[in-house]
A.B. asks: 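Structure below; questions to follow.
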Amino acid sequence: MPQPVIAAVGSSPVGRTDFPGRDLFSLALEEAFEGLPDPAELADAVYVGNQSEQYEHQIMHGTLLAEWAGLRNVPAERVEGCAAAGALALRHAAKDVRNGEHEGVLACGVEKMTAGGTGGATDALSAAFDRAIEQRSGVTAPSQYALLAQRYLHETDATEEDLAEIAVKNHRNAAKNPRAQFSDEIDTDTVLESPPVAPPLKLYDCAPVGDGAAVALVTTAAVADELGVPWVTVAGTGTAANNIAVAERNMTEIEGAAVAAESAYEEAGLEPEDVDVAEVHDAFTVSEALLSEAAGFAPTGYGYQSYLPPESREAGWTDVSLSPSGGLKARGHPIGATGILQAIEAYEQLTGVAGDRAVPGAETALLLNEGGVADAVTVAHVLTAGTEVAR
Amino acid sequence: MSGEDRLDVDSPLTLPGFFSALADGDLLAGVCADCGEVLLPPRPACYGCGSRNVDVEPQPKTGEIYSYTAVHTPPPALEDDAPYTIAVVELDSGGRLTGRVDANYDAVGIGDPVELGTRALTDEERSLALEHELEWPLHVFEPV
């Protein structure tokens with residue numbers, strides 16, 4: 001069975017833009033295929049991660065983006081798992097290449113989140129929660145994660161300052177990432193003094209609303225070598241859905257994320273200690289803490305130390321670098337595109353083009369992309385360096 | 001499933017049946033006959049063990065706050081209500097349920113005792129409700 005690889009990546013600007021979704025995709029595709037043959041020559045299937053038709057009153061993104069890429073009469077579909085949609089698209093593409101169904105697949109993600117303002121995004125995102133009990137009670141995405149944060153602060157030694165430091169670290173990383181929505185560094189007080197959104201979470205604990213699209217060409221190493229492009233291997237993938245209502249889950253140990261990560265590690269034949277760099281789903285600061293534990297990087301209750309340099313963390317932590325892209329918090333979180341943006345960061349880290357934010361010697365990356373609140377659905381990927389590059 | 005057990009709108013294993021009982025003051029849960037998991041609201045299969053051997057049983061309406069927050073940036077239709085308090089409550093039966101708490105955020109803490117009640121939807125909440133939800137009461141936790 002051929003090992004799937006990512007051989008080309010591209011993204012649109014992330015943030016408030018004047019472009020509708022299809023144009024955001026065009027910008028991403030233009031970057032990914034610069035200097036390469038037409039997408040139709042290299043791919044014959046399309047998966048598109050996309051959260052909601054509420055933003056643009058548009059579904060059928062498989063059909064639409066295939067068309068915009070110049071592909072006709074090929075398998076093309078939108079996949080949906082709220083914010084995990086992008087990684088689901090990548091997973092489907094990787095499996096299709098692995099089982100020989102397609103030699104090249106476009107794994108895409110797109111979201112035009114700013115179309116209805118903050119209120120529109122709040123409404124659209126709340127559709128990810130249980131309708132009967134949660135939505136009718138007036139929950140929002142920040143309040144759902146705040147329920148996790150409140151309990152986490154109650155059960156562990158973590159403080160609101162620790163969560164703030166995660167945001168500070170991710171803004172610092174994003175300042176070195178030309179793809180990031182935010183390029184400004186912030187300090188702890190900026191976070192702590194920002195307006196409450198859902199206590200203990202404040203504005204700067206939350207990933208921003210933004211538009212964006214991203215694409216990855218998933219193909220074989222043979223094709224990538226023929227093209228003469230650097231590539232990374234999709235060595236493992238896993239996914240798990242837990243209950244939709246957060247009250248019915250373990251709220252301090254994110255079981256579904258652990259299951260997804262373990263299956264990705266197993267498929268890759270690797271362990272958490274092997275991971276050099278990880279992009280986890282820090283839609284809210286507490287998520288980076290919880291997912292560091294679920295991924296096997298941190299001992300239970302100490303994931304909040306993700307902002308510290310490895311030598312300062314609790315015993316039992318690995319030396320992984322978390323969210324060098326700036327994470328969802330500062331690189332940005334255009335929902336359906338986020339999973340692909342995470343893969344782009346791993347691609348750049350593992351092919352030696354991450355510039356000032358390069359994690360020295362990085363050869364293995366873990367990606368964790370979540371949808372709904374926390375592990376309502378989690379998708380994990382392990383990517384490993386393919387082509388030899390100067391590091 | 002035998003003929004007389006078929007799901008219909010009166011069955012508490014469906015949402016209309018669950019909310020109709022709630023409107024009458026009964027909080028019903030599914031209780032797995034095989035592993036004891038409490039399923040709130042009731043549903044036909046147990047997420048704890050996969051069994052479809054689920055009994056419906058009335059639940060105590062008292063419990064304590066497991067986690068809580070306040071919504072400062074609500075869906076636009078609920079703007080005038082904000083900030084409002086939301087909690088995950090662990091009922092005395094062990095089942096957990098998310099809901100509004102009829103108290104200010106600052107007056108609430110983890111471990112506080114609460115009791116579940118219901119009220120009709122406000123005009124704003126009705127504007128968000130789907131047609132089949134209009135008569136469903138909203139459950140709200142009251143501090144004890």
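To find a chain, count down the sequence lines: A is the first, B the second, and so on, and within it residues start at 1.
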A.B. asks: Distance from A/Glu134 atom CD to B/Ile86 atom CD1, nearest 0.5 Å?
C.D. replies: 9.5 Å

A.B. asks: Any idea which of B/Leu121, B/Ile110, B/Val38, B/Thr73 has the most non-hydrogen atom pairs under 4.5 angstrom with chain A?
C.D. replies: B/Ile110

A.B. asks: Check whether B/Ala77 gets within reach of chain A through its side chain, its backbone, both or neither, counting any heavy atom under 4.5 Å.
C.D. replies: neither

A.B. asks: Could you check which of A/Val139, A/Leu147, A/Thr140 has the highest count of heavy-atom pairs closer than 4.5 Å to chain B?
C.D. replies: A/Leu147

A.B. asks: Is there side-chain contact between A/Gln135 and B/Leu128, with at least one heavy-atom pair below 4.5 Å?
C.D. replies: no

A.B. asks: What's the shortest heavy-atom distance between A/Arg249 and B/Arg96, and which atoms?
C.D. replies: O-NH1, 3.0 Å

A.B. asks: Name the option with the most non-hydrogen atom pairs under 4.5 Å to chain B; the candidates are A/Pro195, A/Ser137, A/Ala198.
C.D. replies: A/Ser137

A.B. asks: Looking at every heavy atom in both B/Leu138 and A/Arg136, which two are closest together, and how far apart are they?
C.D. replies: CD1-O, 3.2 Å

A.B. asks: Tell me which of these, B/Glu133, B/Glu90, B/Glu79, has more heavy-atom pairs under 4.5 Å with chain A than the rest.
C.D. replies: B/Glu133

A.B. asks: Quick check on A/Ala132 against chain B: is it the side chain, the backbone, both or neither that has a heavy atom closer than 4.5 Å?
C.D. replies: both

A.B. asks: Sort by residue number and list every member of residues 115-123 of chain A having a non-hydrogen atom under 4.5 Å from chain B.
C.D. replies: A/Gly119, A/Thr122, A/Asp123

A.B. asks: What closest approach, in Å, do A/Arg151 and B/Tyr66 show between heavy atoms, and which atom pair accounts for it?
C.D. replies: NH1-O, 2.9 Å

A.B. asks: Has B/Arg52 got more than 12 heavy atoms of other residues, nucleotides or ligands less than 6.0 Å from its CZ?
C.D. replies: no

A.B. asks: For a 4.5 angstrom cut-off between non-hydrogen side-chain atoms, does A/Arg131 reach B/Leu15?
C.D. replies: no

A.B. asks: Can you see which heavy atom on B/Tyr68 is nearest to which on A/Gln150, and at what distance?
C.D. replies: O-NE2, 2.9 Å

A.B. asks: Give the minimum heavy-atom separation between A/Met251 and B/Ser67, together with the two atoms involved.
C.D. replies: CE-CB, 4.3 Å

A.B. asks: Please name the pair of heavy atoms, one in A/Gly138 and one in B/Leu78, separated by the smallest distance, quoted to 0.1 Å.
C.D. replies: CA-CD1, 4.0 Å

